[in-house]
Amino acid sequence: MNGHLETEEQQDQRPDQELTGSWGHGPRSTLVRAKAMAPPPPPLAASTPLLHGEFGSYPAQGPRFALTLTSQALHIQRLRPKPEARPRGGLVPLAEVSGCCTLRSRSPSDSAAYFCIYTYPRGRRGARRRATRTFRADGAATYEENRAEAQRWATALTCLLRGLPLPGDGEITPDLLPRPPRLLLLVNPFGGRGLAWQWCKNHVLPMISEAGLSFNLIQTERQNHARELVQGLSLSEWDGIVTVSGDGLLHEVLNGLLDRPDWEEAVKMPVGILPCGSGNALAGAVNQHGGFEPALGLDLLLNCSLLLCRGGGHPLDLLSVTLASGSRCFSFLSVAWGFVSDVDIQSERFRALGSARFTLGTVLGLATLHTYRGRLSYLPATVEPASPTPAHSLPRAKSELTLTPDPAPPMAHSPLHRSVSDLPLPLPQPALASPGSPEPLPILSLNGGGPELAGDWGGAGDAPLSPDPLLSSPPGSPKAALHSPVSEGAPVIPPSSGLPLPTPDARVGASTCGPPDHLLPPLGTPLPPDWVTLEGDFVLMLAISPSHLGADLVAAPHARFDDGLVHLCWVRSGISRAALLRLFLAMERGSHFSLGCPQLGYAAARAFRLEPLTPRGVLTVDGEQVEYGPLQAQMHPGIGTLLTGPPGCPGREP
């Protein structure tokens, strides 16, 4: 059948009803879930047509279009009233699409079906703006036939977005789509400049609803609240945990997972980050991994939200850090001493400035530049790190540098902790009349759905559209009950979980579980002979796992999420303030190693020990201050799973 659709572009419109994503088929073990989050198979050739058809627009008096769907984009060509020589908006890259849905008219006489996609293209100034493209399938005489065609296109597009295989010669129907993945969103309402909840409500929730992701949301109340929550979760009920904040909240989540008795399975739970903090270092690395240009603020949040909607996970290295007291915590980002940690902690009083706090902190830090005497020892990596580009070349001078460089029925969910508020969403929530069914469709809730389209679409005289009820849930499944986003009381652990209740007075940052550190002798004892030791006066020492130290600071440009290495960078005393400033300016491009600075050193390691010999100073782990004194750390390759979306081509963005 040849489908016909009609299209209109609308700005800032809420989603109505979405096709489900394909992250999972129901409760699974975290091991199976982690495997399911592996990157999708290589795509088909970008130019191979998968679907082609003629469509109309909404309202019906608009132009007609020819649509061609490939593995990388939706191609749109106007046919009537006359073909366009240079079509405007004629190419919609799938990297800009969050999701899609099918709709029908409320007018009984309209036999057409409607197919809508939600896109986030870049405007003239580079910022993303939400836009919808709606097409009218009217090539058949009956609504049932037109609906089948609209569903065929919506299903095919969703499969491409999720990395699901399309049948070679088989029929494309909604049966190909599994149930929506279920995510736990943890929001720090005070993240960044206090905009985290506003951004979450206005941008994150609409986008993941468009993608068909099911979720519950909790606002955290205090330090270590997220850690306590994940320690008591029944993880089989979730397909991922996503933090909407800065890097600190994800640090709590990962340490909570690793402090469970079942940590070996718990740490495989996919985790994601949507940046609403000040530094947003991991989000910057995720943004680069997805092939997007460097971004800050709201643009970075939208990029990472698009990647989250696509699904797909990546193994994540975690660094176990043993402190002077013997307590242990786990790091996904960095351990810092000296200038970097000084700026991080001293700029806390400027938190209201957002990411600008670090700029101001850097200026103040340069004005009062300190040096610290200490000893750095490390176990060199046995393999060379990924070769950087010439612009990212690493210093190789001096002997101190070592480079070895089917639908499930509704489930009963554990009640979740009530947060700062009852999480009211000031959004229109009319009941949606389901065509052909006496039951109303789901209203806009924290589990998805959307407001009625009446009044938002088309012009005078056009019948409003409503969601296709057959796509509100996977075919054959019962109507899922809406899950309350929060519930009263403390976290409740179901009897089947077998986990102890979290203790609010537990040691902050300390972990009693997790993998053993087989490469590390006890802190304070001699190191094995294959370790390298440096001693002297340092301006800074940084041990970093991913590529980014901040959203716009690429400290280790060649680093990967799962390279199994901790990347050690240090700056010795004797560097001028101007030279140190040049290093950080070059770090915005990841080109600081090409400056030839003699005080800058680098080594790729599997483990390290840092012994400050200066009586006073600041140490941070993932940007959080820890006790000052000797510490040591070991990398545990790929034990976590990070939600990154599909990999992109660095430097090439649609």
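Just so you know, these numbers come straight off a predicted model, no measurement behind them. In this chain, residues are counted from 1 in sequence order. Quick note: numbers below take in every heavy atom, side chains included, and nothing from hydrogens, waters or symmetry partners.
When atom types are taken as modelled, the side chain of Thr614 and the backbone of Arg373 share a donor-acceptor pair closer than 3.5 angstrom. A distance-only check finds a donor-acceptor pair linking the side chain of Ser341 to the backbone of Val618 [under 3.5 Å]. For the pair Arg328 (side chain) and Cys513 (backbone), a donor-acceptor distance under 3.5 Å is present. In this structure a side-chain-to-backbone donor-acceptor pair under 3.5 Å is present from Asp622 to Ser334. Under a 3.5 Å cut-off, the side chain of Ser576 and the backbone N or O of Ala579 do form a donor-acceptor pair. Side chain of Arg609 to main chain of Arg375: no donor-acceptor pair is present (N/O by atom type, distance under 3.5 Å, no hydrogens or angles). A donor-acceptor distance shorter than 3.5 angstrom exists from the side chain of His592 to the backbone of Ala555, with no hydrogens or angles considered. Judged by distance alone, with hydrogens and angles left aside, the side-chain atoms of Asp259 form no donor-acceptor pair with the main-chain N or O of Gly256 at under 3.5 Å. Side-chain N or O atoms of Asn287 include none that pairs as donor or acceptor with a backbone N or O of Leu300 at under 3.5 Å. Judged by distance alone, the side chain of Asn255 and the main-chain N or O of Phe330 form a donor-acceptor pair under 3.5 Å.
The only option from Leu565, Leu318, Leu319, Asp563 that meets the side chain to side chain contact (heavy atoms under 4.5 Å, CB included) definition with Met635 turns out to be Leu319.
In this structure, His314 and Phe561 have perpendicular ring planes: the angle between them is above 60°, well past the 30° mark. Between His558 and Phe593, the ring planes lie perpendicular to each other; the angle is over 60°, past the 30° to 60° tilted range.
Between the side chains of His518 and Gln634, at least one donor N or O lies within less than 3.5 Å of an accepting N or O. Side-chain contact annotation: Ser325 with Ser327, donor-acceptor N/O pair under 3.5 Å present. Side chains of Asp517 and Ser320: a donor on one and an acceptor on the other come within 3.5 Å.
Applying the salt bridge (Lys or Arg N to Asp or Glu O under 4.0 Å) criterion to Asp299, with sequence neighbours excluded, gives no partner residue. Taking Asp552 as the reference, Leu296 meet the side-chain contact (heavy atoms from CB on, under 4.5 Å) condition, with sequence neighbours excluded.
A distance of 4.5 Å separates CG in Leu184 from CG in Leu186, rounded to the nearest 0.5 Å. Summarising the geometry, atom NZ belonging to Lys268 is positioned 9.0 Å from atom CH2 belonging to Trp263; distances are rounded to the nearest 0.5 Å. Atom-to-atom distance recorded for Asp317:CG and Leu642:CG is 11.0 Å, nearest 0.5 angstrom. Atom CH2 in Trp197 sits 9.5 Å away from atom CG in Asn202 (nearest 0.5 Å). Once rounded to the nearest 0.5 Å, the distance linking CZ of Phe215 with CD1 of Ile241 reads 15.5 Å.
Pro521 and Pro528 get closest at one heavy-atom pair: CG-CD, 4.1 Å.
Using a 4.5 Å cut-off on side-chain heavy atoms (C-beta onward), Leu205 and Leu217 make contact.
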